[in-house]
Asks: 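Encoded as structure tokens, here's the structure I'll be asking about.
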Amino acid sequence: MLIRGIATIMAIVTTHSAAAGTQDHPAIIPQPAQIQRTDGEFPISKLRAVEFNHSDADVQPVAEYLASWLSDATRRTIPVSQSAGHPASGTITLNRTNANASLGDEGYELRVTTDAIRLSAPTPRGLFYAVQTLRQLLPPKPNATPNATLPCLAIKDQPRYRWRGMLLDCCRHFMTKEFVKRYIDLLAFHKMNVLHWHLTEDQGWRIEIKKYPRLTEVAAWRDEGGQRYGGFYTQEDIKEVVAYAASRFVTVVPEIEMPGHSVAALAAYPHLSCTGGPHEVANRWGVFHDVYCAGNDQVFDFLQDVLDEVIELFPSPYIHIGGDECPKKRWETCAKCQARIKTEGLQDEHELQSYFIRRIENYLNTKNRRLIGWDEILEGGLAPNATVQSWRGMRGAVAAATSGHDVIASPTSHCYLDYAQMRLPGEPTNMGFIDLETSYSFEPTPPELTPSQAGHVLGLEGNIWTEHAPQERVDWQVFPRLTALSEVAWSPKELRDWPNFAKRMMAHYTRLDALGVKYFLAPPQCDSRHHVFTDTLDVALRNPLDRGTIHYTLDGSTPTSRSPRYVKPLTFSKTTIVRARTYLPNDRVTETSEFHLRKLEPLEPVTATRRAPGLHCKYYEGHWRRLPDFDPLSPAATGITDNFNMTLRKRTDAFGLTFTGRLEVPADGTYTFHLRSDDGSRLWIGSDLVVDHDGLHSVGNASGQVILKAGLHPITVHFFESGGSEHLTVSYEGPSIPKQPIPASVLWHKDE
Ligand code: ACM
Ligand code: ZN
């Protein structure tokens, strides 16, 4: 299945504990293209002034931004002055005139000597990025460490992708304009340059449109259990945010959703829907049937009027029109929509959606603006100049780029920062998550593209949808993963190095602390590969944050700062649940992690009877949301399969499969089983339920362990698929068996 809110990938956080950035290797994120360390250091006490050449007038705002930041950070007055000559001792010079043109629009050079600092770039934007790098070379709190030094070095840097964005959904939850400005600052600090501002939704319309006052009187507010919830940005607020973003070299791309996700607007102007309403601003999450009527010209008049005002407010060359998740149910029975299908010679409602988007694109193009839409705009034919934002995996990216369209990569698997960062105890096992390493592993350019097609990949965007993230939760969801995405978007592919990034992250956390960012705190991890044992088990806990102290309990209670402090590996001789959390020096505390350590008897093999290769497989038909008890049900087919495959299946939706047989293991030891499935699955060895991955979910992993004696062991796997995409992989690993799908060569059944 595919629904937003469920990740498709999971992995385990593995950070490497190591010192923060050292003088030899400054820990900069995103990693610059080239850094050359030279001898010596520049003492920050020497800083006197920021200078720029008087002929570079457009550099002045960047110089002032830097001086103001430095004055705040050092609690000293660092003035800006104009200079024409050689950089004086203790100055930071911003130079544009003599910059190396090959650095392009966004590149820069930065040189620190024992005497002065020089930033060069062909554009103010490049200088702004040099300033961001300089901020990271300085200590996070320069006033607290007045004797600190900067390493002498030369940096030459420019970005890999030109589109380095983050979406912010201010509809599901409203965010203040101050919060949005702070978010922009955090993007800029990571050299990101696009804020994709999601401004209209089923649950709220957030932008003042003068011609349609009911959008802010009605559509901006919803009823939440008797309370009025909502808010909107006045046109003055929007201008302020856009101007602020421009000063940080961030382009604000507004998203005005159509034809779906439009219930709030329909509540204000019900004549724009197929049914005529009445409608209410949605107060639950999901996808709604009521959408703009595609057969009614008043809808296009309305949207064009809205876009006219949007275009006035946003200088962005691109306007995002959504286009995702538009159910066609109302259109199917609407006389106006059906008439439109006829008069326009369209095949179906998908082509009607395509008609809708093309018509809007035409309009935007006449205003000299370009349209971006989510990958659903590919369905029914893509508008001729559209840029596609690929979110349902990367198939949309490939389809768009191969047909010559520009692409922004935002697959749910790596870029949806509304997904959890790890699986925490008590959370449903079918909820996927995206950890920092997964986000870091993202490759925005699909390998199947030719070099010229790859040129259509503008870059990436991380998304924070805010159904479950009011303003105060946004930092926690977005950080630290935004930092990983910033490096994916900026740094040369060859420099991508997870252990090195994880190390740099340790220094970066202290910068985020200084900026007051309430990032996700990874709880302690368990380094033991095995969680089951027959005799005793030594378990080492690891702190991915490399700071603070771990406290743990062994009685199932939640650890407090008075619980035992973890100092060395623990030895267990009985089944135990370890719960642990890290207390940080700045009074923050992580979530609790939980490790189930089980003392088990090894399972004896069955005495071998006559056997034949393969498994007994039974195929069932039925609609389930969880695995049923298959026993009393009648299978629609039975047979022998080589392994855990779907060869007996007769349809792709609403079915179940059971596999039974014997697994042959060559040696005594601990075996780990993994179920990767969409939808639910379970695995038993003998009568022990070893892996439980039941429920409706998109493809994801679950694992479990058991101790086996060499020989043949009864193995059973149950699986069901409700609808949508399907997947089942049964893997194992054990003594001298690396993790792999269980091969047919070790699977047997009783030959009766
Ligand atoms: C989306 O997540 N519906 C674009
Ligand atoms: Zn209609």
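Indexing begins at 1, ligand by ligand and atom by atom, following the structure's order. In what follows, every heavy atom counts, from backbone to side chain, and hydrogens, waters and symmetry copies are set aside.
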Asks: Considering the heavy atoms of Trp465, write down every atom of ligand 1 situated less than 4.0 Å from one of them.
Replies: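 Once the distances to Trp465 are compared, the set is 1 (C), 2 (O), 4 (C).
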Asks: Need the ligand 1 atom indices (1-based, order shown) with element for anything under 4.0 Å from a heavy-atom of Trp391.
Replies: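 With Trp391 as reference, the close atoms of ligand 1 come out as 1 (C), 2 (O), 3 (N), 4 (C).
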Asks: Indicate whether the side chain of Thr251 and that of Tyr318 have a donor and an acceptor atom separated by less than 3.5 Å.
Replies: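 Side-chain D/A pair, Thr251 to Tyr318: absent.
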Asks: Under 6.0 Å between the ring centres of Phe174 and Tyr233?
Replies: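 Between Phe174 and Tyr233, the centre distance is under 6.0 Å.
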Asks: Any idea how Trp391 and Tyr416 line up, ring-wise: parallel (<30°), tilted (30 to 60°), or perpendicular (>60°)?
Replies: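 Rings of Trp391 and Tyr416: parallel, as their planes differ by under 30°.
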Asks: Answer yes or no: does an N/O atom from Glu325 fall short of 3.5 Å to an N/O atom of ligand 1?
Replies: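 Yes, Glu325 has an N/O under 3.5 Å of an N/O on ligand 1.
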Asks: What I'd like to find out is whether the side chain of Gln389 reaches to under 4.5 Å of the side chain of His196, using heavy atoms alone.
Replies: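 Of all side-chain heavy-atom pairs linking His196 with Gln389, at least one is under 4.5 Å.
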Asks: When the ring planes of His190 and His508 are compared, do they come out parallel, tilted or perpendicular, using 30° and 60° as the limits?
Replies: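 His190 vs His508 ring planes: perpendicular.
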Asks: Between Trp374 and His320, what is the ring plane arrangement, given parallel below 30°, perpendicular above 60°, and tilted in between?
Replies: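 Aromatic pair Trp374/His320 classed tilted.
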Asks: For the Zn ion (ligand 2), check which protein N, O or S atoms are under 2.8 Å away and list them.
Replies: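 Sorted hits: Cys274 SG, Cys293 SG, Cys334 SG, Cys337 SG.
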Asks: Looking at ligand 1, does any of its N/O atoms fall within less than 3.5 Å of an N/O of Tyr416?
Replies: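 Such a contact does occur with ligand 1.
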Asks: Can you check whether Trp374 has an N/O within less than 3.5 Å of an N/O in ligand 1?
Replies: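 No, since none of the N or O atoms of Trp374 sits under 3.5 Å from an N or O of ligand 1.
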Asks: Less than 4.0 angstrom from a charged side-chain N to a carboxylate O is my criterion; do Lys210 and Asp308 meet it?
Replies: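 No salt bridge links Lys210 with Asp308.
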Asks: Salt-bridge test for Glu240 and Lys177: reply yes if a basic N is under 4.0 Å from a carboxylate O, no otherwise.
Replies: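 Result for this pair is yes, salt bridge flagged.
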